[in-house]
Amino acid sequence: MIVPLRKIRVRADEDGVWIAQSELLPGCHAHGSDRGEAILHFQEAAKVHLEALLETGRPIPEAFRDKFVLVA
């Protein structure tokens, strides 16, 4: 698990689509047909989001810095 469940905010929009996001990863969000699917997709999106930050040299949010090992 990339983002602790207690740090993920999940809500249903007006069309019944569930949206998950976290203040720990601004700009990262995911959706699903139910709450569980939205959370699963968010965890996958969070991993990709953090990998992209690493690859492009952008800073990793402090909450995740201890989870990544930089290899030279």
Side-chain angles (χ1 to χ4, degrees):
M1 180 179 334
I2 300 289
V3 179
L5 290 177
R6 68 183 184 283
K7 295 291 188 174
I8 300 173
R9 191 175 78 218
V10 183
R11 65 178 175 82
D13 72 5
E14 61 277 353
D15 296 327
V17 175
W18 288 83
I19 300 167
Q21 58 192 71
S22 175
E23 64 185 28
L24 297 178
L25 281 175
C28 183
H29 62 277
H31 66 276
S33 58
D34 59 39
R35 183 180 181 82
E37 186 176 87
I39 291 171
L40 176 64
H41 289 175
F42 179 77
Q43 295 289 2
E44 294 166 349
K47 180 179 182 287
V48 172
H49 184 87
L50 290 165
E51 288 171 347
L53 292 176
L54 267 177
E55 289 174 8
T56 58
R58 291 182 287 172
I60 300 294
E62 189 164 340
F64 302 98
R65 289 184 190 151
D66 64 334
K67 296 180 185 205
F68 285 83
V69 177
L70 300 177
V71 179

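Quick note: numbers below take in every heavy atom, side chains included, and nothing from hydrogens, waters or symmetry partners.
- The stretch residues 29-41 participates, sequence neighbours left out, in these side chain to side chain donor-acceptor pair (under 3.5 Å) pairs: S33-E37.
- When atom types are taken as modelled, the side chain of D15 and the backbone of V17 share no donor-acceptor pair closer than 3.5 angstrom.
- When the side chains of ILVMFWY residues are joined at heavy-atom separations under 4.5 Å, either directly or via intervening members, V3 and I19 end up in two distinct hydrophobic clusters.
- Closest non-hydrogen pair, A30 versus A38, comes out as CB-O, 4.1 Å.
- Taking 4.5 Å as the limit, every side-chain heavy atom of C28 sits out of range of all side-chain heavy atoms of L50.
- Remark: R9 engages Q21 in a side-chain contact (heavy atoms from CB on, under 4.5 Å) (not counting sequence neighbours).
- Following chains of ILVMFWY side-chain contacts shorter than 4.5 Å, one can reach V10 starting from L5, so the two form part of one hydrophobic cluster.
- Rounded to the nearest 0.5 Å, atoms CG (L54) and CD1 (I60) are 4.0 Å apart.
- Taking CG from L25 and NZ from K47, the interatomic distance works out to 13.5 Å, rounded to the nearest 0.5 Å.
- Listed here is the closest heavy atom pair of L24 and P4: CD1-CD, 4.4 Å.
- Within the 4.5 Å cutoff, the side chain of W18 has no heavy atoms near those of the I39 side chain.
- Here S22 contributes atom OG and I2 contributes atom CD1; the two are 12.0 Å apart, rounded to the nearest 0.5 Å.
- Contacts of R6 classified as side chain to side chain donor-acceptor pair (under 3.5 Å), with partners at least two apart in sequence or in another chain: none.
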